[in-house]
Trainee: 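Here you go, one structure.
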Amino acid sequence: MLSRQVIRFLLLNKCCTRRASGTALDFQDVPQPKGLPLVGTTFSLIAAGGPAKLHKYINGRHEKLGPIFKDNVGPVTAVFLSDPDEMRAVFAKEGKYPIHIKPESWLIYNEKFGCSRGLFFMDGEEWLHFRRIMNKLLLKGNLSWIEDSCDVASQLFIDTIKANTKQELPNVEDSLYKWSLDVIVSILVGKRTYQQYHKEMEPLVQDLAATIHLVFRTTSKMQLLPARLAEKYQLSRWKHFEKSVNDALGSAYKMLDYLQSNFGETDGLLAKMIHEEVPKKELDRIVVDLILGAGDTTAYSMAWILFAISKYPEVQHEIRRQLRSDQNTPLLKNVVRETLRLYPVAPFLTRIIPEDVVLCGYTIPANTLIVMSIYTSGRSEKYFKNPNKFIPDRWLRNSSANSNVIQQASLPFGMGSRSCIGKKIAETQFQMTLRKVVENFFVEIKNADQIENVMQMVSKPSKPLKLIFNKI
Ligand code: HEM
């Protein structure tokens, strides 16, 4: 019998040969798991642990079927892809207005309440217009103002920890949600204003953190249900979801109104958007969605970073040692990269390509849903030596720890013109907070062995982390 690795090697080689000879196979030949018509493998997914295990379930499918397979997700046929080179081919064909899918429950909510939303929900010319403005403000040029804002917010987090040293930090998740919202509000109004007024804003930030935290729980509970039916029959899950979104949008708009009426003219993002003449209505939509988009992604990524450095204490010691001689040590950046490779909070990226595209040697018809398995590519043996090990130095140029690492094999923020607009904010806040944590504390974890990676809209630790911050 052929081993799994041999089968994978043959599949990969077959892809390359077909691509080189220019003879693509038909869509119907794309490998497919056995499943019931219509529901596809939904039942196998439930048996494998439900949506919480989706990334691992799809990873298992890739191990069996190779870098490409197709499967029914409910009534839709999707193509799953895990090879980084083939993903690059998808982004190369995504065109001027890349299309990604949005959670059905959110689309129904937006439709029901006539809710216009920010960048993630925009499409076509409208998306491109506002995306260009936001690229200029958040991804290009001098971004030292972002560092300044992250500095204030990460210091607030350190102060929270200082009040809880030598004992388990209670409600780590809540503290991290609060920290992620401190960052985004500080970005909106600028460092000086946030430094001066954060105490006054505290109840609003706490309220935001709580309501946004809840929305992600209720959205993930909608994952396996057909949202339209759940709404039509007013199932309790739908009702909880609808209420939580009302509350979260309500508190985000309340915060925005407060910031605009008091601090609209400061040196933060709000003032920069006004300067770029973003109309009030669109400014509100975009900013509210930045607030919502920042919450869970950064809170759980930071949780994974704390998990990683407490599980690998030698990494903590090394960061501290390197910081003494080089404040700009690449190790901070590489710890963040390595954490996001192993624990990407968004383990899948989606695209719908408006023309036929050849992937792994198969012709994929226009408008097919393509799901890129970032969790699987980030743990690919082809690109990462000892893929399941946490080795931050593998990202060093000319690293002996890993000579064949390539950027596109780990895409936590996506790729191309529709990649994450909050990437620089997130990277800056992680590095800055990590630096401050390591400079002030030695972090221990009491339950590392019990922590699994589960999906609840984003991938997160299965249990609250039991972290102890020892002052140094
Ligand atoms: C670890 C942190 C984060 C991760 C891993 C992450 C991941 C992603 C990914 C993968 C996408 C691309 C989706 C696609 O290609 O279709 C995306 C888009 C987006 N992200 Fe993030 N994100 C993070 C933090 C943030 C933050 C801090 C903000 C807000 C300040 C934010 C706001 C957005 C928005 C608005 C979009 C939609 C962009 C568009 O459609 O043009 N994200 N994010």
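Atoms within each ligand, like the ligands themselves, are counted from 1 in listed order. These figures come from a predicted structure and were not determined experimentally. Residue numbers start at 1 and run along the sequence shown.
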Trainee: Between Asp174 and Lys178, is the closest basic N to carboxylate O distance under 4.0 Å?
Mentor: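 No salt bridge links Lys178 with Asp174.
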Trainee: Can you tell me if Ser149 uses its side chain to pair, donor with acceptor, with the backbone of Ser186 under 3.5 Å?
Mentor: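 Yes, because the side chain of Ser149 sits within donor-acceptor range (under 3.5 Å) of the backbone of Ser186.
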Trainee: Give a yes or no on whether the backbone of Phe241 and the side-chain of Ser244 come within a donor-acceptor separation of less than 3.5 Å.
Mentor: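 The answer is yes, because a donor-acceptor pair under 3.5 Å joins these two groups.
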Trainee: Just jot down the ligand 1 atoms closer than 4.0 angstrom to any heavy atom of Arg131, in number order.
Mentor: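 Near Arg131, the atoms of ligand 1 are 38 (C), 39 (C), 41 (O).
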Trainee: Specify side chain, backbone, both or neither for Ser301, according to which of its non-hydrogen atoms lie closer than 4.0 Å to ligand 1.
Mentor: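 Only the side chain of Ser301 comes within reach of ligand 1.
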Trainee: Would Tyr300 and Tyr177 count as a close aromatic pair, with their ring centres under 6.0 Å?
Mentor: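 So the answer is yes for these two rings.
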Trainee: Indicate the atoms forming the closest heavy-atom contact of Pro412 with Ile374, along with that distance.
Mentor: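 So the two residues come closest at N-CG2, 4.5 Å.
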Trainee: Within less than 4.0 angstrom of ligand 1, does Arg351 place any heavy atom?
Mentor: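 Within the 4.0 Å threshold, so yes.
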Trainee: Give the atoms of ligand 1, by number and element, whose distance to some non-hydrogen atom of Leu349 is under 4.0 Å.
Mentor: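 Checking each atom against Leu349, I get 10 (C), 15 (O).
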Trainee: Tell me which one of Lys96, Arg117, Lys102 satisfies salt bridge (Lys or Arg N to Asp or Glu O under 4.0 Å) with Asp123.
Mentor: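 Answer after filtering Lys96, Arg117, Lys102: Lys102.
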Trainee: Does the gap between the ring centers of Tyr197 and Phe263 come in under 6.0 Å?
Mentor: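 Between Phe263 and Tyr197, which both carry aromatic rings, the centre distance is below 6.0 Å.
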Trainee: Should Asp289 be counted as touching ligand 1, given the test is an N or O pair under 3.5 Å?
Mentor: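 The answer is no, given that Asp289 and ligand 1 share no N or O pair closer than 3.5 Å.
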Trainee: List every atom of ligand 1 that sits less than 4.0 Å from any heavy atom of Ile421, numbering the atoms from 1 in the order shown and giving each element.
Mentor: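 Matching atoms, with element in brackets: 32 (C), 33 (C), 34 (C), 35 (C).
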Trainee: Starting from atom 28 (C) of ligand 1, what is the nearest protein heavy atom, named by residue and atom, and what distance separates them?
Mentor: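 Looking at atom 28 (C) of ligand 1, the protein heavy atom closest to it is Gly422 CA, 3.7 Å.
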Trainee: Yes or no: does Phe121 have any heavy atom under 4.0 Å from an atom of ligand 1?
Mentor: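 No heavy atom of Phe121 comes that close to ligand 1.
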Trainee: Are Lys424 and Glu427 ion-paired here, with the side-chain N under 4.0 Å from a carboxylate O?
Mentor: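 Looking at Glu427 together with Lys424, the answer is no, because their closest N to O distance does not fall below 4.0 Å.
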Trainee: Looking at atom 42 (N) of ligand 1, what's its closest protein heavy atom, distance included?
Mentor: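 Nearest protein contact, heavy atoms only, for atom 42 (N) of ligand 1 is Cys420 SG, 3.0 Å.
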Trainee: Going by the atom numbers of ligand 1, which of them fall below 4.0 Å from some non-hydrogen atom of Gly414?
Mentor: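 In order of numbering, the contacting atoms are 10 (C).
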Trainee: Contact between Tyr300 and ligand 1, counting heavy atoms under 4.0 Å?
Mentor: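 Per 4.0 Å heavy-atom rule, Tyr300 does not contact ligand 1.
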Trainee: Can you tell me which residue and heavy atom of the protein come closest to atom 3 (C) of ligand 1, and the distance to 0.1 Å?
Mentor: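 Among all protein heavy atoms, the one nearest atom 3 (C) of ligand 1 is Phe413 CE2, 3.5 Å.
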Trainee: Around atom 29 (C) of ligand 1, find the nearest protein heavy atom and jot down its residue, atom name and distance.
Mentor: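 Answer, as residue, atom name and distance: Leu290 O, 3.6 Å.
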Trainee: Using a 3.5 Å cut-off on N or O atoms only, is His100 in polar contact with ligand 1?
Mentor: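 By distance alone, the answer is yes.
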Trainee: Which ligand 1 atoms does Ile184 reach within 4.0 Å, using its non-hydrogen atoms?
Mentor: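 Every atom of ligand 1 under 4.0 Å from some heavy atom of Ile184: 30 (C).
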Trainee: Check the side chains of Glu200 and Tyr258 for a donor-acceptor pair under 3.5 angstrom, ignoring hydrogens and angles.
Mentor: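 Yes - a donor-acceptor pair under 3.5 Å links their side chains.
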Trainee: Is it true that Lys191 and Asp267 make a salt bridge, defined as a side-chain N closer than 4.0 Å to a carboxylate O?
Mentor: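 Not counted as a salt bridge, because no side-chain N and carboxylate O are separated by less than 4.0 Å.
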Trainee: Might you confirm whether atom CZ of Arg131 has over 12 heavy atoms from other residues, nucleotides or ligands at distances under 6.0 Å?
Mentor: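 It does: Arg131 CZ has more than 12 such atoms within range.
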Trainee: With a 4.0 Å cut-off on N to O distance, would you call Asp296 and Arg217 a salt bridge?
Mentor: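 Judged by the 4.0 Å cut-off on N to carboxylate O distance, Asp296 and Arg217 do not form a salt bridge.
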Trainee: State whether the shortest distance between N or O atoms of Trp127 and N or O atoms of ligand 1 falls below 3.5 angstrom.
Mentor: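 N/O-N/O distance under 3.5 Å: yes.
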Trainee: In ligand 1, which numbered atoms sit nearer than 4.0 Å to a non-hydrogen atom of Val345?
Mentor: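 Those of ligand 1 that fall under 4.0 Å from Val345 are 5 (C).
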Trainee: Would you mind running through ligand 1 and noting each atom that sits below 4.0 Å from a heavy atom of Pro412?
Mentor: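 Near Pro412, the atoms of ligand 1 are 5 (C), 7 (C), 10 (C).
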Trainee: For ligand 1, which is the ligand I care about here, please tell me if Gln429 has any N or O atom under 3.5 Å from one of the ligand's N or O atoms.
Mentor: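 No, there is no polar N/O contact under 3.5 Å.
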Trainee: If you take the nearest heavy atom of each of Phe430, Trp304, Phe120, which one is closest to atom 37 (C) of ligand 1?
Mentor: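 Nearest option to atom 37 (C) of ligand 1, by heavy atoms: Phe120.
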Trainee: With heavy-atom distances below 4.0 Å as the criterion, list the atoms of ligand 1 near Leu119.
Mentor: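 By the 4.0 Å cutoff, the relevant atoms are 40 (O).
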Trainee: Is a salt bridge present between Arg228 and Glu111, judged by a nitrogen-to-oxygen distance below 4.0 Å?
Mentor: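 Here Arg228 pairs with Glu111 in a salt bridge, since their nearest N and O are under 4.0 Å apart.
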Trainee: What residue and heavy atom of the protein are closest to atom 40 (O) of ligand 1, and at what distance?
Mentor: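 Looking only at protein heavy atoms, the one closest to atom 40 (O) of ligand 1 is Arg418 NE, 2.7 Å.
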Trainee: Does CD belonging to Glu125 count more than 12 external heavy atoms closer than 6.0 Å?
Mentor: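 Atom CD in Glu125 is packed in, count exceeds 12.
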Trainee: Among all protein non-hydrogen atoms, which one is nearest to atom 24 (C) of ligand 1, and what is the separation to 0.1 Å?
Mentor: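 For atom 24 (C) of ligand 1, the nearest protein heavy atom comes out as Thr297 OG1, 3.4 Å.
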